[in-house]
Amino acid sequence: MSKYDTVDEMLMELELNTKVFKDDPLKKNVNSRIDRINNKYLIELKSRKHSIDKIKQWGGATIERDKYRALMRECGDKTPGYINKFPCGSYYGWNLKKIKEPSWYEKMYNISTVENKGLRPKIVGDLQFEDGKKLI
């Protein structure tokens, strides 16, 4: 397995480490399905293809229940975070310990975001922008 699953992941890590986490850089978390780790945070990264306004209209930034639960289970004394990058270049982050657990529902999604392998149902919930913080 390569260090990065996608170019977006690599670019997000570089930009976040330059602008947000320069004193405690994020690094690939090789022992978990969670994307990144540093001394304070356990973070899942997501690059969005749609605008913030469109995602707000749809109900919020979607997080998979499995990823949410893995973040909460594995965080220990670290802060579980979910960071989304949007086409406008903005980043929003959510501290999952400080917000109410999303209401879960089933929706059809691509099996893989990297390859076109068809659709499958996923259990997801929506994170509200007012519960998060604009990072960049």
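As a basis for the values below, the full set of heavy atoms in this structure was taken, side chains included, without hydrogen atoms, waters or symmetry mates.
Here the CD atom belonging to E64 is positioned 7.0 Å from the NZ atom belonging to K46, to the nearest 0.5 angstrom. Put simply, CZ on R36 and CG on N29 are 9.0 Å apart, with the number rounded to the nearest 0.5 Å. In this structure, CD1 on I123 lies 9.5 Å from CZ on R69, to the nearest 0.5 angstrom. Taken from NZ in K67 to OG1 in T62, the straight-line distance is 11.5 Å, to the nearest 0.5 Å. Rounding to the nearest 0.5 angstrom, the gap separating the CG atom in L71 from the CD1 atom in I43 is 9.0 Å. Taken to the nearest 0.5 Å, the CG atom of L45 stands 6.5 Å off from the CG atom of L16.
Sorted by first and then second residue, the ring pair (Phe, Tyr, Trp, His ring centres under 6.0 Å) pairs with a member in residues 18-39 read F21-Y41; sequence neighbours excluded. Screening residues 93-102 for side-chain hydrogen bond (donor to acceptor under 3.5 Å, both in side chains) gives E101-W104 as the qualifying pairs, with residues at least two apart or on separate chains.
Smallest separation of non-hydrogen atoms from Y91 and M12: OH-CA, 3.5 Å. The shortest heavy-atom contact between A70 and I34 is CB-CD1, 3.7 Å. A pairwise comparison of heavy atoms in Y109 and K122 identifies CB-CD, 3.7 Å as the closest pair. A pairwise comparison of heavy atoms in I63 and P102 identifies CG2-CG, 4.2 Å as the closest pair.
Using modelled atom types, one side-chain atom of D24 and one backbone atom of N39 make a donor-acceptor pair closer than 3.5 Å.
I83 and V124 end up in different hydrophobic clusters when Ile, Leu, Val, Met, Phe, Trp and Tyr side chains are linked at under 4.5 Å. Side-chain heavy atoms closer than 4.5 Å link hydrophobic residues (I, L, V, M, F, W, Y) into clusters, and following such links, possibly through other members, connects Y92 to Y68. No continuous path of hydrophobic side-chain contacts links L26 to Y82 [ILVMFWY only; heavy atoms under 4.5 Å]. Y105 and L127 sit in two unconnected hydrophobic clusters of ILVMFWY residues. Membership requires side-chain heavy atoms under 4.5 Å apart, directly or through other members.
Between N110 and K117, the closest side-chain pair of non-hydrogen atoms is not below 4.5 Å. The shortest side-chain heavy-atom distance between K22 and N17 does not fall under the 4.5 Å cut-off. Side-chain contact between E74 and L42 is present, with at least one heavy-atom pair separated by less than 4.5 Å. Using a 4.5 Å cut-off on side-chain heavy atoms (C-beta onward), S90 and I52 make contact.
Between E15 and K85, at least one side-chain nitrogen of the basic residue sits less than 4.0 Å from a carboxylate oxygen of the acidic one, meeting the salt-bridge criterion. Ion pairing between K49 and D8 holds under the 4.0 Å rule for side-chain N and carboxylate O. Here K28 pairs with E9 in a salt bridge; the nearest charged N to carboxylate O distance falls below 4.0 Å.
In terms of the side chain to side chain donor-acceptor pair (under 3.5 Å) criterion, Q128 has no residue partners (sequence neighbours excluded).
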Would you check, one step at a time, whether the test side-chain contact (heavy atoms from CB on, under 4.5 Å) holds for K27 with N38?
CA-CA 6 Å; K27 60 186 177 212; N38 68 8; over 6 Å; no

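Side-chain contact of N84 with R48: a donor-acceptor pair under 3.5 Å is present, judged by distance alone.
Ring pair F129/F86 is tilted by interplanar angle, where 30° to 60° counts as tilted.
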